[in-house]
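This chain uses plain numbering: 1 for the first residue, then up along the sequence.
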Amino acid sequence: MSKPTVVQCPQCKKDVVWSEDSPFRPFCSKQCQMIDFGEWADEENTIPGAPDMSDSDGWSEDNY
C-alpha cells in the first residue's frame with residue numbers, strides 16, 4: 001500500500017491527507033476554506049495577469 005499524499009492547509013498550514021476522507025482538501029476545514037474564499041472576494045488575493053479591458057480603453061463588442 002502506498003503512502004498517502006499529505007499537503008499543508010493553505011490557510012493554517014495544518015497537514016491534510018489528500019483523500020475522500022478530507023472533503024475540504026486542500027483545506028483542513030470548512031472554516032479555513034471560507035477564510036480563503038473571503039480573502040479572494042475582498043481582492044486580498046489576486047492572480048497577476050493582463051489589466052482589465054474597460055470601455056474607457058476604447059474596446060467594444062459592437063460589430064463594425
Colleague: How about CD on E20, more than 12 heavy atoms from neighbouring residues, nucleotides or ligands closer than 6.0 Å, or not?
Modeller: no
Colleague: Group every Ile, Leu, Val, Met, Phe, Trp and Tyr by side-chain heavy-atom contacts under 4.5 Å, then state whether F27 and I35 land in the same group.
Modeller: no
Colleague: Okay, side chain of R25, backbone of V16: is any donor-acceptor separation there less than 3.5 Å?
Modeller: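 No, the answer is negative, given that no donor and acceptor are paired below the 3.5 Å cut-off.
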Colleague: Donor-acceptor pair, S22 side chain versus V17 backbone, under 3.5 Å?
Modeller: yes
Colleague: Within a reach of under 6.0 Å around CZ of F24, are more than 12 heavy atoms found that belong to other residues, nucleotides or ligands?
Modeller: yes
Colleague: Tell me the closest heavy-atom pair linking W40 and I47, and the distance in Å.
Modeller: CH2-CG1, 3.8 Å
Colleague: Identify the heavy atoms of V7 and W18 that sit nearest to each other, and give their distance.
Modeller: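 Residues V7 and W18, closest heavy atoms: CG2-CE3, 3.9 Å.
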Colleague: Using a 4.5 Å cut-off on heavy atoms from C-beta on, say whether the side chain of D42 contacts that of F37.
Modeller: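 No, side chains not in contact.
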Colleague: Less than 4.5 Å apart, side chain to side chain, heavy atoms only: is that true for P26 and C9?
Modeller: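 With C-beta onward as the side chain, the pair stays apart.
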Colleague: So, taking the atom named SG in C32 and the one named NZ in K14, what distance separates them when rounded to the nearest 0.5 Å?
Modeller: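 Reported to 0.5 Å precision, the distance equals 8.5 Å.
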Colleague: Inspect the surroundings of CD in Q31 and state if more than 12 heavy atoms from other residues, nucleotides or ligands are less than 6.0 Å away.
Modeller: no
